[in-house]
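Working notes, structure below.
Computed from a predicted model, the values in this text were never measured in an experiment.
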Amino acid sequence: MCSGQHVVATFYVSGRRTASGERFDASGYAAAHRTLPFGSRVTVTNPQNGRSVTVVINDRGPFTRGVTLDLARGAARAIGMYRTQWVCML
């Protein structure tokens, strides 16, 4: 059960700098969102296993239609996400 927004998320593993100017860390707990302010903290839960992680929005994107959130690989692994899937974003 999702008490927040049910959104499609994916993850990314490469990049040099984020839109906020930070160095991209693929193993970190960061994410990209089109409109949330940089520095926003968002809790993302994988509804398939109940695992959650809190990420910091530090980049813009995703630019794929229908996808709302791009997680750094470290955050995706922390919740057991290995492909594009529905997650709960709070």
Side-chain angles (χ1 to χ4, degrees):
M1 178 119 118
C2 181
S3 60
Q5 287 183 286
H6 215 151
V7 300
V8 175
T10 190
F11 65 94
Y12 62 123
V13 296
S14 64
R16 293 186 181 170
R17 293 249 175 237
T18 65
S20 66
E22 296 176 30
R23 188 177 128 284
F24 176 70
D25 178 8
S27 63
Y29 289 179
H33 189 276
R34 286 184 205 97
T35 59
L36 287 175
F38 294 138
S40 297
R41 294 188 183 280
V42 176
T43 300
V44 181
T45 303
N46 182 340
Q48 295 176 353
N49 60 22
R51 289 163 57 185
S52 296
V53 66
T54 299
V55 297
V56 177
I57 303 299
N58 70 351
D59 207 358
R60 289 292 172 231
F63 301 107
T64 303
R65 186 179 186 142
V67 180
T68 301
L69 197 63
D70 260 343
L71 299 174
R73 182 183 59 204
R77 282 188 177 168
I79 63 171
M81 188 178 110
Y82 297 99
R83 58 179 168 65
T84 300
Q85 73 173 64
W86 287 97
V87 297
C88 184
M89 183 177 87
L90 184 60

Quiz prompt | For the student: nearest non-hydrogen atoms of Val55 and Ala75, plus distance | solution = CG1-CB, 3.6 Å
Self-check item: Residues in side chain to side chain donor-acceptor pair (under 3.5 Å) contact with Ser20, at least two apart in sequence or another chain
Solution: Thr18
Quiz item: Between Arg34 and Pro62, is there a donor-acceptor pair closer than 3.5 Å when you use the side chain of the first and the backbone of the second?
Solution: yes
Exercise. State plainly whether one hydrophobic cluster holds both Val56 and Tyr12, where clusters connect Ile, Leu, Val, Met, Phe, Trp and Tyr through side-chain heavy atoms under 4.5 angstrom apart.
Key: no
Quiz item: Is there a donor-acceptor contact under 3.5 Å from the side chain of Arg17 to the main chain of Phe24?
Solution: no
Quiz prompt | Smallest separation among heavy atoms of Ser40 and Pro37, with atom names | solution = OG-O, 2.7 Å
Quiz item: Would you call His33 and Met89 a side-chain contact if the rule is heavy atoms closer than 4.5 Å?
Solution: yes
Quiz item: Can you list the residues that meet the side chain to side chain contact (heavy atoms under 4.5 Å, CB included) rule with Val13, with sequence neighbours excluded?
Solution: Phe11, Arg73
Quiz item: Under the side chain to side chain contact (heavy atoms under 4.5 Å, CB included) criterion, do Thr84 and Val8 qualify, and how do the steps go?
Solution: CA-CA 7 Å; Thr84 300; Val8 175; 3.5 Å; yes
Self-check item: Side chain proximity check, Gln5 to Leu90, heavy atoms < 4.5 angstrom
Solution: no
Quiz item: Quick one: OG1 on Thr68 to CG on Leu36, what's the gap to the nearest 0.5 Å?
Solution: 10.0 Å
Exercise. Would you please name every residue forming a side chain to side chain donor-acceptor pair (under 3.5 Å) with Gln85, sequence neighbours left out?
Key: Asn46
Practice problem: Take Val42 and Ile57, measure what side chain to side chain contact (heavy atoms under 4.5 Å, CB included) needs, and give me the verdict at the end. | Solution: CA-CA 8 Å; Val42 176; Ile57 303 299; 4.1 Å; yes
Exercise. Please determine, by modelled atom types, if Thr43 and Ser52 share a side-chain donor-acceptor pair under 3.5 angstrom.
Key: no
Quiz prompt | Min side-chain heavy-atom separation Trp86-Gln48 under 4.5 Å | solution = no
Quiz item: Can you name the closest pair of heavy atoms from Pro47 and Cys88 and give their distance?
Solution: CD-N, 4.3 Å
Quiz item: Considering the options Thr45, Ile79, Val87, which one meets the side-chain contact (heavy atoms from CB on, under 4.5 Å) requirement together with Val53?
Solution: Ile79
Quiz prompt | Common cluster, Val7/Tyr29, ILVMFWY with side-chain heavy-atom separation under 4.5 Å | solution = yes
Practice problem: Say whether, by atom type as modelled, one donor and one acceptor occur between the side chain of Asn58 and the main chain of Glu22 under 3.5 angstrom. | Solution: no
Exercise. Quick one: pull up CZ in Phe63 and CG in Asp70 and give me the separation to the nearest 0.5 Å.
Key: 8.5 Å
Practice problem: Test side chain to side chain contact (heavy atoms under 4.5 Å, CB included) on Leu71 and Val44 and set out the steps. | Solution: CA-CA 9 Å; Leu71 299 174; Val44 181; 4.2 Å; yes
Quiz item: Counting N and O atoms only, with roles assigned by atom type, does the side chain of Arg51 sit under 3.5 Å from a partner on the main chain of Ala78, one being a donor and the other an acceptor?
Solution: yes
